[in-house]
Amino acid sequence: MRNALSTRTAAWIMGLLCMLALLPATAARADNPIIQTIYTADPAPLVHNGRVYLYTGHDEDGSTWFTMNEWRVWSSDDMVNWTDHGSPLSIASFSWAKSDAWAGQAIYRNGKFYWYVPVTNRSTGRMAIGVAVSDSPTGPFRDALGRPLVENGEIDPTVFIDDDGQAYLYWGNPNLWYVKLNPDMISYSGSPTKINLTTAGFGARTGDANRPTLFEEGPWVYKRNGLYYIVFAAKCCSEFIAYSTAPSPTGPWTYRGTIMPTQGSSFTNHAGIIDYKGGSYFFYHNGALPGGGGFTRSVAVEKFTYNADGTIPTINMTTTGAPQVGTLNPYVRQEAETIAWASGVETEPSSEGGMNVGFIENGDYIKVKGVAFGSGATSFTARVASGSSGGRIELRRDSVNGTLMGTCDVPGTGGWQSWTTVSCGVSNATGTHDLYFRFTGGSGYLMNVNWWQFSGDGTTPSPTPSPSPSASPTGGSQQTSAIRGTGSGRCLDVTERSQTNGTQVQIWDCNGQDNQQWTSTSAGELRVYGNKCLDVNGAGTADGTAVIIWDCNGQDNQKWRFNSDGSITAVGANKCLDVSNYGTANGSKIHIWTCHGGTNQKWTRV
């Protein structure tokens with residue numbers, strides 16, 4: 001239901017003006033916190049297949065306690081433009097849970113993603129650790145056990161897999177615990193072990209005889225250059241971020257000092273550290289957004305460099321955030337919910353899959369950072385809907401009032417999920433610039449936006465796609481090309497260029513490499529590397545059966561039919577080649593599913 005947001009919008013505008021007033025006139029517009037459409041907390045970043053996936057909690061608007069009912073997922077390949085993947089996991093995902101979707105962490109293993117989260121167990125009233133599993137980093141996730149993995153009333157799980165393959169789960173407040181997870185990642189060996197919290201290992205706290213060390217909560221464990229690090233929230237309240245190191249994953253730990261001092265308007269903090277594309281990044285939360293505070297927090301990130309001896313320098317909160325890694329390509333489809341900074345708008349699930357930007361009012365805007373127009377764009381296309389009379393999308397360069405590059409009129413479409421495509425001409429779009437979408441129109445909500453794309457001379461045009469043949473069991477005459485998903489703009493791809501039988505197929509940015517070149521044969525096969533075929537795993541026919549590569553054998557589960565509507569049918573199963581959960585991110589898995597005409601089942605040879 002669309003509720004009036006006038007109070008929230010007014011608070012946002014006033015808060016933003018106050019924040020900008022504190023910046024010097026020459027300062028770049030803030031990019032921290034990195035999510036502005038909702039309040040987020042407890043960041044847990046994961047690097048997978050060249051992309052950062054960020055798992056967070058969600059503080060409800062107006063909270064006066066840790067009121068959190070779901071977890072959220074975001075992703076980025078440049079550290080500044082973050083795509084909203086919605087909520088693939090919530091309290092309702094665990095039949096035994098009552099409340100408190102607090103700080104968790106996800107990890108990849110065995111072709112699956114495991115998300116460890118604390119919740120209140122309905123039957124005991126205590127905090128317990130649950131584990132959810134998914135085939136995709138963006139979900140949906142499901143309860144892997146139907147019960148807690150471990151329960152002792154403590155919180156904040158973090159998970160780590162050592163070089164020898166042994167996985168560890170740590171958690172705790174007021175204590176610190178660990179178990180050794182079994183290879184299945186949903187069970188463990190032995191009993192939970194309590195780590196001895198010594199002042200030598202975790203620093204000395206003053207003023208609380210019951211808590212002699214600085215360790216409070218929120219552990220984050222990782223390994224670097226043979227040294228084990230545990231980063232944690234220290235000494236409530238207000239918390240700061242500290243860390244210790246050890247020669248093994250179980251200690252003995254040596255306290256190393258403060259990473260992030262007590263700062264910001266949140267009395268808690270929670271850290272996550274990753275390395276990505278040659279840089280090191282420190283994620284945390286604060287209360288920096290309008291209306292923010294200890295129960296309405298926001299995730300932010302800073303780039304840092306380790307000292308030569310492996311110690312971590314002091315890191316302070318900034319409004320600038322991390323620098324962009326690379327640029328954004330406007331000549332491929334981009335999700336509207338890929339955002340560097342937003343004012344006024346929110347997101348919601350889209351009937352076409354994924355999320356869309358909505359609740360757009362006059363004067364709202366979105367910034368997309370570092371857009372590489374090259375020698376020039378000449379037109380702009382967007383997928384839009386409107387349950388009112390619509391409005392206009394102004395394309396601005398470098399600021400919300402910057403050079404106007406074009407204006408697209410958005411008509412009323414008869415419904416907020418009744419989608420149509422609009423286009424308009426563009427000028428002055430050359431080089432690399434921040435792109436601002438400024439929305440204008442009358443009163444009330446104006447439109448929803450699902451995705452956008454530029455075209456023009458700034459990019460090399462793709463070859464004209466060969467027409468898809470009418471339905472035929474042979475797939476037409478032999479040809480070799482990439483196969484691009486209409487819904488994602490990404491290509492059918494063999495994961496990590498593997499040639500191993502059983503490797504699941506995914507979508508990935510089109511790159512022309514051999515693991516994206518598919519040859520259709522007169523027998524109806526789709527061959528890759530010359531001798532491997534696109535294959536329905538185990539000759540399965542059920543929805544969700546994985547699509548893999550396997551030695552070509554002429555069986556029906558390796559035969560495919562190209563249809564005139566853009567779908568590709570698995571002949572043996574009579575089901576469609578489908579991107580799992582309408583995924584659009586790199587690494588989204590491919591399976592078969594009952595044909596339904598969705599964009600995640602439409603493909604084009606390129």
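For clarity, every value in this text was computed on a predicted model and none was experimentally measured. The basis for the numbers below is simple: all heavy atoms, side chains too, and nothing from hydrogens, waters or symmetry mates.
For the residue pair Ser388 / Ser386, a side-chain donor-acceptor distance below 3.5 Å is found, with atom types taken as modelled. If you check the side chains of Gln263 and Asn286, you find no donor sitting under 3.5 Å from an acceptor. Judged by distance alone, the side chains of Asp143 and Trp96 do bring a donor and an acceptor atom under 3.5 Å apart. Side-chain contact, Trp115 with Ser134: no donor N or O sits under 3.5 Å from an acceptor N or O. Side-chain N/O atoms of Ser75 and Arg51 include a donor and acceptor closer than 3.5 Å. Asn269 and Glu239 are not linked by any side-chain donor-acceptor pair at a separation below 3.5 angstrom, with hydrogens and angles left out of the test. Side-chain contact annotation: Ser280 with Asp275, donor-acceptor N/O pair under 3.5 Å present. Using modelled atom types and a 3.5 Å distance limit, the side chains of Thr584 and His85 yield no donor-acceptor pair. For the residue pair Asn121 and Ser123, a side-chain donor N or O sits within less than 3.5 Å of a side-chain acceptor on the partner.
For the pair Ile107/Phe160, no side-chain contact is recorded, criterion being any heavy-atom separation below 4.5 Å from C-beta on. The closest side-chain heavy-atom distance from Tyr284 to Ile315 is not below 4.5 Å. The side-chain heavy atoms of Thr138 and Tyr53, taken from C-beta on, include a pair separated by under 4.5 Å. Within the 4.5 Å cutoff, the side chain of Phe359 has heavy atoms near those of the Glu348 side chain. By the 4.5 Å heavy-atom criterion applied to side chains, Leu149 and Leu181 are counted as neighbours. Looking at heavy atoms from C-beta onward, Trp452 lies in side-chain contact with Val368 at the 4.5 angstrom threshold. Considering only heavy atoms from C-beta on, Val371 stays 4.5 Å or farther from Gln334 through its side chain. With contacts defined as side-chain heavy-atom distances shorter than 4.5 Å, the pair Pro137/Tyr55 qualifies.
A cation-pi arrangement is absent between Arg396 and Tyr365 under the rule of less than 6.0 angstrom and at most 45 degrees off the ring axis.
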CA sep, side-chain torsions, deciding dist, call: Phe267, Phe295, ring pair (Phe, Tyr, Trp, His ring centres under 6.0 Å): CA-CA 9 Å; Phe267 59 84; Phe295 303 117; 5.3 Å; yes

Derivation of the side-chain hydrogen bond (donor to acceptor under 3.5 Å, both in side chains) call for Ser399 and Asn401: CA-CA 5 Å; Ser399 75; Asn401 294 310; 5.9 Å; no

Audit row: Thr268, His285, side chain to side chain contact (heavy atoms under 4.5 Å, CB included) steps and yes/no: CA-CA 8 Å; Thr268 67; His285 70 227; 2.9 Å; yes

Intermediate values then yes/no, side chain to side chain contact (heavy atoms under 4.5 Å, CB included), Glu216 and Asn173: CA-CA 6 Å; Glu216 185 70 27; Asn173 177 350; 4.0 Å; yes

CA sep, side-chain torsions, deciding dist, call: Val133, Ile186, side chain to side chain contact (heavy atoms under 4.5 Å, CB included): CA-CA 9 Å; Val133 64; Ile186 60 173; 5.7 Å; no

Worked verdict on Met185 versus Val159 for side chain to side chain contact (heavy atoms under 4.5 Å, CB included): CA-CA 10 Å; Met185 301 298 284; Val159 59; 4.2 Å; yes

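In terms of heavy-atom proximity, Pro88 sits nearest to Gly139 at CB-CA, 3.9 Å. Contact between Arg383 and Glu352 at its shortest, heavy atoms only, is NH2-OE2, 2.6 Å. Listed here is the closest heavy atom pair of Met68 and Trp102: SD-CD1, 3.6 Å.
Ring-plane geometry between Trp171 and Trp177 is classed as parallel, the angle between the planes falling under 30 degrees on a 0 to 90 degree scale with a further cut at 60. Using bins of under 30°, 30° to 60° and over 60° for the plane-to-plane angle, the ring pair Phe113/His48 lands in the perpendicular bin.
Remark: Lys277 NZ is packed, more than 12 non-hydrogen atoms of other residues, nucleotides or ligands lying under 6.0 Å away. The local environment of NZ in Lys180 is sparse, with at most 12 non-hydrogen atoms from other residues, nucleotides or ligands closer than 6.0 Å.
Between the side chain of Trp82 and the backbone N or O of Ile35 there is no donor-acceptor pair closer than 3.5 Å.
A salt bridge links Asp84 to Arg72: at least one charged side-chain nitrogen sits closer than 4.0 Å to a carboxylate oxygen. The pair Asp31-Lys367 meets the salt-bridge criterion, since a charged nitrogen lies less than 4.0 angstrom from a carboxylate oxygen.
Checked options Phe202, Tyr243, Trp220; the residue passing with Phe232 is Phe202 (criterion: ring-ring contact (aromatic ring centres under 6.0 Å, His included)).
For Thr213, there are no side chain to side chain donor-acceptor pair (under 3.5 Å) partners two or more places apart in sequence or in a different chain.
Outside the 6.0 Å centre-distance limit, the rings of Phe304 and Tyr281 are not counted as a close aromatic pair.
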